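In what follows, a structure is listed as structure tokens, so that the remarks can point back to it.
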2 protein chains.
Amino acid sequence: MKTHISSQDIPETKRKLLNAGIELMRMKGFNATSVAEICEAAGTTKGGFFHYFPSKEDLTKEAAFLFREEKMKSYEEAGFLSLPDPLDRVMSRLEFLKSSERLHNIYSCLIGTLAQELSTTHPDLREIFQGAFAKMTKDLELDLEAAKALYAPEAVFDPRSLASMFISMFQGAILIAKAADSNEVVVDNIESFITCLRSFFPEAAFRKVKTRRKPAIASGKPAIAAS
Amino acid sequence: MKTHISSQDIPETKRKLLNAGIELMRMKGFNATSVAEICEAAGTTKGGFFHYFPSKEDLTKEAAFLFREEKMKSYEEAGFLSLPDPLDRVMSRLEFLKSSERLHNIYSCLIGTLAQELSTTHPDLREIFQGAFAKMTKDLELDLEAAKALYAPEAVFDPRSLASMFISMFQGAILIAKAADSNEVVVDNIESFITCLRSFFPEAAFRKVKTRRKPAIASGKPAIAAS
DNA sequence: GTTTTCATACAGACCGGTCGGTATGTAGAA
DNA sequence: TTCTACATACCGACCGGTCTGTATGAAAAC
């Protein structure tokens, strides 16, 4: 029994339902989004909905997984995950987040929205959200750790804590962007985080990263091994 | 016509309704909290509810104001707002937040919870949340600005951006604490922020603050004027 | 001082509508 | 013929909000 199927295997109607669910719940949350509404947006009916999902909560679970999966795919496509230099990976990730915030004008993360609303009432969903946040943190932590080892082994910051701080900041920034109806704060906060990073690493590290970036990818061979 | 009354003027039943609303909505959000539920928790009935509030949304507005008012009152009682040294105010504020997180085990901010759920669907509430976040940010910004002018005028950070980053981080940390069912992350993130602060200010500034703190209050006269 | 008046502060039954979910039906593929 | 993939009608529960009724106390009238 597999608990989750990959995006490719999903039939069209189910996929439309999931996409509609993601979009609607990102904006309005779980409780304010009705099953009928999701069906209408997906161009189907309740019959279709409950054919694919035993309950609204089940769609929500799968929607959360799909949302994460697509986010991670967009990271892979952006390319920074495979950069050879860890500090380069960190900086490129931040730049990617910044530019994708500037591009879109939907100020909401499905995971954050649902976590806020459902964590205390739906324990099994809560664990999914917890896992998602932990994964985000870990990804960044590993790069930060490697970057620290490489460029600033004596620095005072703890990679894990700093990564955790960034994820919190990012989620909080999206929340405040929602309230402000502008994602300016997200971009601004990422830049502040970069300022903090710069204060932890020697300036030379950033210069090296900047000049080496493109050639390092082109050559296909890291000048300095990661981690 | 006054738009908002101070806490003292609120009759007991209304107060109970507001308190019940705050507690329930902090945990479950707006939509998952029913009027009947609030009434039961407050020990009254729908008659009482709709005697004091034209609608559920109106109670929510007043609850948000009351929540903020009580938070600010707790800040005043903590005393750090009137400290003479701005860096001392900042550090004491952070320490206060840390210790109050350690004390309570409710991982939720009403404003953040409601902002997440209602910002896109309830424009007038959205503006209230926006204002609340702006106020929090401004409060911290002023202290940071004064502290920078006093101790690190050449530092690279922007007080406004750094304050904004902290508020985002704090709200995000609470969100993640909800998902993790533990406020460990909140305390940890505040400490990370302190580490960032320390990298912006000269170490001497913190030493001065620490040794001077108590005497400065006792004398009632700031050794160095704020702002 | 007593009675009448009237607003306040609720109680609780009730209403139309919406909710998540079910039961049943059916068109088309295999 | 059987199974999949839906459509549609429908259900009981519950929702926010309304309505009517009533206990109470203060003010006004006599």
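A note on names: the letters A, B, ... follow the listed sequences, proteins ahead of strands, and every chain is numbered from 1. Quick caveat, the model's predicted, so the values are computed rather than measured.
- When distances are taken from the side chain of A:F50 to each of C:dC19, C:dC10, C:dG21, the shortest belongs to C:dG21.
- Donor-acceptor pairing under 3.5 Å is recorded for the side chains of A:T113 and A:S108.
- For the atom pair CG (A:L110) and CG (A:L24), the distance works out to 11.0 Å, reported to the nearest 0.5 Å.
- Contacts of B:F49 with the nucleic acid, taken as non-hydrogen atoms under 4.0 Å apart, are absent.
- The aromatic rings of A:F96 and A:Y75 sit perpendicular to each other, their planes meeting at more than 60°, with 30° as the lower class boundary.
- Judged by distance alone, the side chain of B:E76 and the main-chain N or O of B:K73 form no donor-acceptor pair under 3.5 Å.
- For A:I38 and C:dT18, the CD1 to P distance is 17 Å, given to the nearest whole Å.
- For C:dA9, the OP1/OP2 oxygens have a side-chain nitrogen or oxygen of B:H51 closer than 4.0 Å.
- Using a 4.0 Å heavy-atom distance criterion, B:T45 is classed as a base contact.
- For the pair B:L59 CG and D:dG17 P, the interatomic distance rounds to 11 Å; values are reported in whole Å.
- Side-chain rings of A:F49 and A:F53 approach one another, their centers coming within less than 6.0 Å.
- Mapped onto DNA chain C by nearest heavy atom, B:Y52 and A:F30 fall at different nucleotides, with B:Y52 at the one closer to the 5' end.
- Look at NZ on A:K28: it is 13 Å from P on C:dT18, rounded to the nearest Å.
- Side chain A:K56 to base C:dG21: no donor-acceptor pair is found below 3.5 Å.
- At whole-Å resolution of the value, CG in B:N31 and P in C:dG20 are 11 Å apart.
- Taking only side-chain nitrogens and oxygens, A:T44 never comes nearer than 4.0 Å to OP1 or OP2 of D:dC6.
- Both A:T33 and B:E12 lie near DNA chain C, and the one whose nearest nucleotide falls closer to the 5' end is B:E12.
- One can place CG of B:D58 at 14 Å from P of D:dG16, the figure rounded to the nearest angstrom.
- The distance between atom CD of A:E40 and atom P of C:dT18, rounded to the nearest whole Å, is 13 Å.
- Summarising the geometry, the separation between CZ on A:F53 and P on D:dC6 is reported as 11 Å, rounded to the nearest angstrom.
- What separates NZ of B:K46 from C1' of D:dC15 is a distance of 7 Å, to the nearest Å.
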